[in-house]
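Note that the numbering runs from 1 along the sequence shown for the chain.
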Amino acid sequence: IPALLSLALALASLLAMAGARRSQDLHCGACRALVDELEWEIAQVDPRKTIQMGSFRINPDGSQSVVEVPYARSEAHLTELLERVCEKMKEYGEKVDPATHRKSYVRVLSHDGTKMDLSGVKFDGDVTSSLKFACESIAEEYEDELIEFLSHEAENVKDRLCSKRTDLCDHALHIPHDEL
C-alpha cells in the first residue's frame, strides 16, 4: 500500500505540473498573440491621423492646453482596441511542439489572405475559447502596462511585456528567440 500511495502522489504531482505548464503555455501564447494583434491594428491606422489631448480647462490668459497627438498610439485608441482585440483569438490555432510538448498559438487566418501552413495546428472551439478567455483576463489585468508599452514605439514589446514585466512567459526566456 505505501508503494501504491507514493505512486499515486507522484502521478498527481506530474498531472499538476502538466496542468500548470498548459496554463502557462496558454497565458504566454495569449499574451504574445494579444501584443501581435495590437501592433498590427496600430500599424493599420493612417500615421497622419491625430487626436486632441490635454486639458480642456481655460487658462487665466484664455487659452487652452490642448495638443494633437498621433491617434494610432493614443490612449483613447489603445483602450478601444483592448475592448475588442480578443475577438481575434478565434483566428488562432494551437500547435504542439513534438519534442517539448509545449503549446504555442499561431494565426490560422492571415491578415492579408495569403495561404498559411497549418500542418499540426489544432483549431477548434475549445482552443479559441480558452485563448480568448486568457486574452481577456490579460487585457484586463495588464491594461495599464499594455497602454504604457504600446503608446510609445517600443522595441520587443512581446518580450518586455509578456516575459519581463508580467512573467506570463517566464519559461520562454529559456527558449531561443527563433522558436518564439
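With 2.5 angstrom as the limit on SG-SG distance, Cys162 and Cys31 come in below it.
Nearest approach of His27 to Ser137, heavy atoms of both residues: NE2-OG, 4.3 Å. Summarising the geometry of Tyr92 relative to Thr128, their closest heavy-atom pair is O-CG2, 3.5 Å, with the distance given to 0.1 Å. For the pair Leu78 and Ala72, the tightest heavy-atom approach, listed with the atom from each and the gap, is CD2-O, 4.1 Å. Counting all heavy atoms, side chain and backbone alike, Gly29 lies closest to Leu131 at C-CD1, 4.3 Å. Pairing each heavy atom of Leu34 with each of Cys135, the nearest pair is CD1-SG, 3.8 Å.
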Show your reasoning for whether side chain to side chain contact (heavy atoms under 4.5 Å, CB included) applies to Arg73 and His152.
CA-CA 7 Å; Arg73 293 187 181 274; His152 312 289; over 6 Å; no

As a quick check of understanding, evaluate side chain to side chain contact (heavy atoms under 4.5 Å, CB included) for Asn156 and Leu161, giving each step before the final call.
CA-CA 8 Å; Asn156 300 325; Leu161 182 74; over 6 Å; no

Run Val35 and Leu146 through side chain to side chain contact (heavy atoms under 4.5 Å, CB included) and show every step you take.
CA-CA 8 Å; Val35 172; Leu146 284 159; 4.3 Å; yes

Pair Glu148-Tyr142, side-chain hydrogen bond (donor to acceptor under 3.5 Å, both in side chains): steps then yes or no
CA-CA 10 Å; Glu148 175 191 333; Tyr142 298 106; over 6 Å; no

Evaluate the salt bridge (charged side-chain N to carboxylate O under 4.0 Å, His left out) criterion for residues Arg165 and Asp159: first the C-alpha distance (whole Å), next the side-chain angles of each, then the deciding distance (0.1 Å), finally the verdict.
CA-CA 9 Å; Arg165 178 67 72 92; Asp159 290 337; over 6 Å; no

Working for side chain to side chain contact (heavy atoms under 4.5 Å, CB included), residues Asp124 and Lys122:
CA-CA 7 Å; Asp124 65 25; Lys122 178 182 171 187; 3.1 Å; yes

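Residues Tyr105 and Lys95 have side chains not in contact (no heavy-atom distance under 4.5 Å, counting atoms from C-beta outward). Looking only at side-chain heavy atoms (C-beta outward), Gln24 and Cys169 stay at 4.5 Å or farther from each other. No side-chain heavy atom of His101 sits under 4.5 Å from any side-chain heavy atom of Asp97. Residues Ile147 and Leu82 are in side-chain contact: their nearest non-hydrogen atoms beyond the backbone lie under 4.5 Å apart. Taking 4.5 Å as the limit, some side-chain heavy atom of His77 sits within range of a side-chain heavy atom of Val45. Taking 4.5 Å as the limit, some side-chain heavy atom of Glu41 sits within range of a side-chain heavy atom of Arg84. Under the 4.5 Å side-chain criterion, counting only non-hydrogen atoms from C-beta, Lys90 is not in contact with Lys132.
Ring pair Trp40/His111 is parallel by interplanar angle, where below 30° counts as parallel and above 60° as perpendicular.
Counted within 6.0 Å of CD on Glu143, heavy atoms from surrounding residues, nucleotides or ligands total more than 12; the atom is thus considered enclosed. Counting non-hydrogen atoms of neighbouring residues, nucleotides and ligands closer than 6.0 angstrom, the CD atom of Gln44 exceeds 12 such neighbours.
Contact check on Glu39 versus Lys158 returns no salt bridge, with no Lys/Arg side-chain nitrogen under 4.0 Å from an Asp/Glu carboxylate oxygen. Ion pair Lys88/Glu37 not flagged as a salt bridge, since none of the NZ, NE, NH1 or NH2 atoms sits closer than 4.0 Å to an Asp/Glu carboxylate oxygen. Ion pairing of Asp25 with Arg102 is present here, as a side-chain N (NZ or NE/NH1/NH2) and a carboxylate O approach within less than 4.0 Å.
Taken to the nearest 0.5 Å, the OH atom of Tyr71 stands 6.5 Å off from the CD1 atom of Ile51. Once rounded to the nearest 0.5 Å, the distance linking SG of Cys86 with CZ of Phe133 reads 11.0 Å.
Under a hydrophobic-cluster definition in which Ile, Leu, Val, Met, Phe, Trp and Tyr are linked whenever side-chain heavy atoms come within less than 4.5 Å, directly or via other members, Val121 and Leu109 are assigned to the same cluster.
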